[in-house]
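A short write-up of the structure that comes next.
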Amino acid sequence: MDFKDCEPALMEPLSEERLPHTASAAVKIVVVGGFGVGKTTLVGSVSEIRPLTTEETMTQAGVGVDDRAWVERKTATTVAMDFGRISISDELILYLFGTPGQQRFWFLWNGLFEGALGAVVLVDTRRLEVSFDVMGRLEERGVPFVVAVNAFPGAPVYALQELRTALDLPKAVPLLSCDARRRDSSRDVLMTLMHYLHSLVVTETS
Ligand SMILES: Nc1nc2c(ncn2[C@@H]2O[C@H](COP(=O)(O)OP(=O)(O)OP(=O)(O)O)[C@@H](O)[C@H]2O)c(=O)[nH]1
Ligand SMILES: [Mg+2]
């Protein structure tokens, strides 16, 4: 079989995959949080390329292992990672990596965190405790992060100051609400992270 004819078709990137010629900086951002807090949803809503997801159908094997009490309508879960991309400006491109939320996949985080400049921690107010481990791991690795509270229907609504106290979050760490299903809201979260990362660099160098 002659493969020559199909090569150009395989090599040709989709128009959505092309980067502008002006792009000069690419930054890796990880999106983390407990099981079912909306990581795949956030990466998907904000990505300008068709996001890569590694979702698998949840089966009976997960019963009693995964805490499905709060996400009973959830039928799929991320088993490796989500991947998306967003251009912040003509020069700056963010590559987004969503991690799996279930503890049995946490060993994958090591690779996913490699080279990450910052992180978004997604939080569900019905299950704040699942975020403690996540934030602890980011602190250990020295990865700066912002915390975004993803609003689910029926979830308790707390003042951000109350949540900051409950999460034992230093004043400097940005905390905001979001709706991961909405592109503008997810973009706001990423812009908040970028401003925060910028402020850290300015503080370090001044
Ligand atoms: N109401 C509401 N539902 C949301 C929001 N974000 C996500 N969801 C829903 O919550 C469910 C879980 O979202 P996912 O994006 O799969 O969560 P995840 O964190 O990637 O889950 P794992 O990969 O299994 O850890 C899905 O059914 C979403 O449609 C939100 O902001 N509001
Ligand atoms: Mg997911």
Side-chain angles (χ1 to χ4, degrees), residues 28-86 94-113 116 118-138 143 145-160 163 167 174-193:
K28 178 178 180 179
I29 300 296
V30 285
V31 180
V32 296
F35 171 56
V37 293
K39 302 174 294 293
T40 301
T41 305
L42 185 140
V43 173
S45 74
V46 84
S47 182
E48 64 202 7
I49 53 171
R50 202 167 314 124
L52 166 78
T53 58
T54 56
E55 293 224 289
E56 290 293 340
T57 305
M58 294 170 69
T59 64
Q60 285 299 312
V63 174
V65 180
D66 301 330
D67 179 9
R68 293 175 74 169
W70 304 108
V71 283
E72 62 278 357
R73 268 177 294 171
K74 195 165 157 53
T75 55
T77 188
T78 302
V79 294
M81 66 169 185
D82 307 302
F83 176 73
R85 188 189 78 198
I86 175 171
L94 305 189
Y95 287 103
L96 308 173
F97 291 77
T99 58
Q102 292 153 297
Q103 287 200 4
R104 62 181 179 282
F105 297 128
W106 279 11
F107 68 94
L108 289 164
W109 285 30
N110 296 335
L112 285 174
F113 277 25
V120 171
V121 177
L122 274 176
V123 165
D124 176 350
T125 57
R126 298 166 300 180
R127 301 174 290 139
L128 280 184
E129 69 289 348
V130 298
S131 310
F132 287 125
D133 273 343
V134 173
M135 289 190 287
R137 293 185 73 171
L138 289 170
V143 180
F145 59 88
V146 299
V147 179
V149 182
N150 198 11
F152 285 88
V157 179
Y158 301 108
L160 287 178
L163 280 173
L167 292 168
L175 172 66
L176 71 164
S177 305
C178 79
D179 183 333
R181 297 164 302 177
R182 286 184 25 220
R183 180 178 163 82
D184 56 344
S185 182
S186 300
R187 197 172 195 280
D188 284 349
V189 173
L190 293 170
M191 291 308 291
T192 303
L193 174 63

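All ligand and atom numbering here is 1-based and tracks the order in the structure.
Between F152 and ligand 1, not a single N/O pair is under 3.5 Å apart.
Close approach to T77 involves these atoms of ligand 1, each under 4.0 Å from a residue heavy atom: 22 (P), 23 (O), 24 (O).
Side chains of S185 and D179: no donor on one and acceptor on the other come within 3.5 Å.
Checked options I29, T78, L52, V31; the residue passing with V43 is V31 (criterion: side-chain contact (heavy atoms from CB on, under 4.5 Å)).
Around the Mg ion (ligand 2), the protein N, O or S atoms closer than 2.8 Å are T40 OG1, T78 OG1, listed by chain and residue number.
Closest heavy-atom approach to atom 23 (O) of ligand 1 within the set D82, N150, T78: this belongs to T78.
Contacts between T41 and ligand 1 below 4.0 angstrom, taking non-hydrogen atoms only, involve backbone and side chain alike. Neither the backbone nor the side chain of C178 comes within 4.0 Å of ligand 1, counting heavy atoms alone.
Residues meeting the side-chain hydrogen bond (donor to acceptor under 3.5 Å, both in side chains) test with T125, sequence neighbours left out: none.
Going from atom CG of L193 over to atom CG of L94 covers 8.0 Å, rounded to the nearest 0.5 Å. Annotation: the span from S47 atom OG to L96 atom CG amounts to 6.5 Å, rounded to 0.5 Å. Rounded to the nearest 0.5 angstrom, S186 OG and L122 CG are separated by 8.0 Å.
In this structure, G36 is part of the shell of residues with a heavy atom less than 4.0 angstrom from ligand 1.
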